[in-house]
Participant: 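So that we are looking at the same thing, I have put the structure below in structure tokens.
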Amino acid sequence: LEVVAPYSSATFGAKVEEVYRRTIEDYRHQYRIDSIRIKDTLVQLYLISNQDEEVRLSVSMDDFYEMGMQKDGTLTSRQIEELRIKEEAALAYQKCIRRLAIKDRTCKEIYDVLTRETGCTIDVINAIVEKLEEQGYLDDERLCVHQIEFMKKTGIGHDKIVRNLKKRGLPYEMIEEHLSSRMDDERENAERYARKLQLTHRHDSLRKTKEYIRSHMVSQGFSADLA
């Protein structure tokens with residue numbers, strides 16, 4: 001009897017009534033998708049309720065397609081509440097894409113942007129960074145290689161390269177691994193930089209020129225041995 005009791009006619013009737021009330025409530029608070037605008041990684045929706053309430057909502061591409069949204073389609077108030085919670089993450093993701101379109105950034109730099117400029121929780125931030133990595137927008141290893149190449153071409157020495165990349169959040173081990181494979185470049189870059197400095201002080205005494213070159217090479221990140 002205890003097993004059958006929850007399925008008695010009274011209980012069944014109450015559950016049917018509850019479903020009916022919920023259905024009526026959902027209909028009363030349905031929103032029609034009046035217009036759709038795609039902007040970067042977001043879909044901006046303009047909705048109008050059965051009570052003529054107007055709502056603007058930004059949703060991710062994933063949610064837009066997964067929920068089968070289309071013009072003149074409908075969303076319930078519950079669905080909109082759920083999408084409102086996701087909206088902040090969608091806007092934060094778009095912010096990251098815009099920053100990355102300007103220049104490559106490290107994972108730490110994107111973490112800092114999300115922590116400083118959004119109200120996202122740490123779990124949401126981790127999920128956004130992970131998604132950006134999976135999509136290839138973030139790649140610390142690739143950035144490390146490219147930055148080393150660039151800085152060496154501009155005459156920056158080993159020590160300053162390490163300082164610059166560590167400041168951007170790259171691990172020391174990663175930096176050293178890629179620098180160690182290019183140690184032959186260091187002496188060549190040092191000699192090139194020294195010749196460049198020498199040309200700007202060719203009218204000074206030999207001693208003054210040497211001191212100038214040495215101090216500038218050390219500040220540029222070359223070791224004292226090479227300077």
Side-chain angles (χ1 to χ4, degrees), residues 31-48 53-154 156 160-175 177-179:
Y31 291 77
R32 179 178 59 83
I33 301 175
D34 186 65
S35 67
I36 297 169
R37 182 184 175 196
I38 296 175
K39 187 175 181 181
D40 298 331
T41 63
L42 291 178
V43 180
Q44 295 181 334
L45 304 177
Y46 177 69
L47 306 111
I48 302 176
E53 178 190 357
E54 298 177 358
V55 172
R56 293 182 185 274
L57 183 67
S58 295
V59 302
S60 69
M61 289 285 192
D62 291 342
D63 284 331
F64 179 76
Y65 288 113
E66 284 175 12
M67 295 178 67
M69 297 181 199
Q70 58 185 352
K71 190 177 184 309
D72 294 325
T74 58
L75 294 173
T76 66
S77 57
R78 271 199 294 263
Q79 287 175 314
I80 289 176
E81 286 173 13
E82 292 170 0
L83 289 168
R84 278 288 184 214
I85 295 171
K86 292 182 175 182
E87 185 176 37
E88 187 171 34
L91 291 169
Y93 174 81
Q94 184 186 54
K95 181 187 288 287
C96 294
I97 292 295
R98 286 177 173 173
R99 295 293 177 89
L100 290 164
I102 298 171
K103 72 169 187 176
D104 285 340
R105 296 172 190 269
T106 65
C107 289
K108 181 185 181 300
E109 287 171 332
I110 289 298
Y111 268 114
D112 290 345
V113 167
L114 291 170
T115 303
R116 186 173 59 249
E117 300 180 19
T118 75
C120 295
T121 65
I122 190 63
D123 288 340
V124 171
I125 290 173
N126 287 335
I128 292 172
V129 171
E130 186 177 329
K131 182 177 180 180
L132 290 168
E133 286 184 290
E134 289 173 354
Q135 294 175 328
Y137 290 112
L138 283 179
D139 188 332
D140 279 358
E141 199 92 32
R142 180 183 66 206
L143 184 145
C144 183
V145 172
H146 288 173
Q147 284 298 302
I148 288 174
E149 179 77 24
F150 172 77
M151 284 189 275
K152 279 186 171 290
K153 284 182 178 178
T154 55
I156 297 176
K160 191 172 182 178
I161 290 174
V162 172
R163 288 197 301 272
N164 288 349
L165 294 181
K166 280 183 67 181
K167 193 182 296 183
R168 296 188 64 181
L170 294 181
Y172 176 77
E173 295 75 13
M174 179 190 291
I175 301 166
E177 179 185 351
H178 291 291
L179 278 172

Participant: Evaluate the side-chain proximity of L179 to K152: yes if any heavy-atom separation is below 4.5 Å, no if none is.
Facilitator: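 The answer is yes; the side chains approach within 4.5 Å.
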Participant: Write down the atom of Q44, the atom of S58, and the distance for their closest heavy-atom approach.
Facilitator: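 The answer is CG-OG, 3.8 Å.
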Participant: So which atom in I128 and which in A89 form the shortest heavy-atom distance, rounded to 0.1 Å?
Facilitator: CD1-O, 3.8 Å
Participant: Quick one: pull up OG1 in T115 and CD1 in I110 and give me the separation to the nearest 0.5 Å.
Facilitator: 10.5 Å
Participant: For the residue pair I175 and L170, what are the closest heavy atoms and their distance?
Facilitator: CD1-O, 3.7 Å
Participant: Quick one: pull up CG in L138 and CG in L143 and give me the separation to the nearest 0.5 Å.
Facilitator: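 The CG atom of L143 is 9.0 Å from CG of L138, to the nearest 0.5 Å.
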Participant: Quick check: does any side chain N or O of D139 sit under 3.5 Å from a backbone N or O of E141, one acting as donor and the other as acceptor?
Facilitator: yes
Participant: Side chains of residues 63-70: which donor-acceptor pairs under 3.5 Å do they make with residues two or more places apart or in other chains?
Facilitator:
unit_1	atom_1	unit_2	atom_2	d
D63	OD1	K86	NZ	3.3
D63	OD2	S60	OG	3.4

Participant: Look at atom NZ of K71 and say whether more than 12 heavy atoms of other residues, nucleotides or ligands are closer to it than 6.0 Å.
Facilitator: yes
Participant: How long is the span from the NZ atom in K108 to the NZ atom in K166, to the nearest 0.5 Å?
Facilitator: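 NZ of K166 is found 12.5 Å from NZ of K108.
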Participant: With heavy-atom distances below 4.5 Å as the criterion, would you say the side chains of Y172 and L165 are in contact?
Facilitator: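 A side-chain contact is absent here, since even the closest heavy-atom pair is not under 4.5 Å.
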Participant: Side chains of V43 and L45, heavy atoms from C-beta outward: is any pair under 4.5 Å?
Facilitator: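 When only atoms from C-beta onward are counted, L45 and V43 do touch, with a gap below 4.5 Å.
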Participant: Taking side chain as C-beta onward, heavy atoms only, is V124 less than 4.5 Å from T118?
Facilitator: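 In short, these two side chains do not touch, never coming nearer than 4.5 Å.
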Participant: Under the side-chain contact (heavy atoms from CB on, under 4.5 Å) rule, what do I38 and M61 come out as? Steps first, then yes or no, please.
Facilitator: CA-CA 9 Å; I38 296 175; M61 289 285 192; 3.3 Å; yes
Participant: Between E134 and K131, is there a salt bridge with N-O shorter than 4.0 Å?
Facilitator: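 Looking at E134 together with K131, the answer is no, because their closest N to O distance does not fall below 4.0 Å.
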Participant: Working to the nearest 0.5 Å, report the span between CD of E149 and NE2 of H178.
Facilitator: 12.5 Å
Participant: Could you grab the distance from atom OH of Y46 to atom CG of L57, nearest 0.5 Å is fine?
Facilitator: 13.5 Å
Participant: Of all the heavy-atom pairs spanning M151 and N164, show the shortest one and how long it is.
Facilitator: SD-ND2, 3.5 Å
Participant: How far apart are the closest heavy atoms of M174 and C144, and which atoms are they?
Facilitator: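 In this case the closest contact between M174 and C144 is SD-CB, 3.9 Å.
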Participant: With a 3.5 Å distance limit and no angle check, can you tell me whether Q94 reaches the backbone of K39 through a side-chain donor-acceptor pair?
Facilitator: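 Between the backbone of K39 and the side chain of Q94 there is a qualifying donor-acceptor contact (under 3.5 Å).
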Participant: Within the 4.5 Å heavy-atom criterion, are V59 and L42 side-chain neighbours or not?
Facilitator: no
Participant: Determine whether a donor-acceptor pair (N or O, by modelled atom type, separation under 3.5 Å) exists between the side chain of T106 and the backbone of R168.
Facilitator: yes
Participant: With a 4.0 Å cut-off on N to O distance, would you call K103 and E109 a salt bridge?
Facilitator: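 Salt bridge: no.
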Participant: Looking at every non-hydrogen atom in both residues, tell me the closest pair between R99 and V113 and how far apart they are.
Facilitator: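 Result for this residue pair: NH1-CG2, 3.5 Å.
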Participant: Indicate yes or no: at least one non-hydrogen side-chain atom of V55 is less than 4.5 angstrom from one of R84.
Facilitator: yes
Participant: Looking at G136, is its backbone amide N or carbonyl O close enough to the side chain of R142 to form a donor-acceptor pair, meaning the two atoms are under 3.5 Å apart?
Facilitator: yes
Participant: Can you tell me how far SG of C120 sits from CG of N126, rounded to the nearest 0.5 angstrom?
Facilitator: 11.0 Å
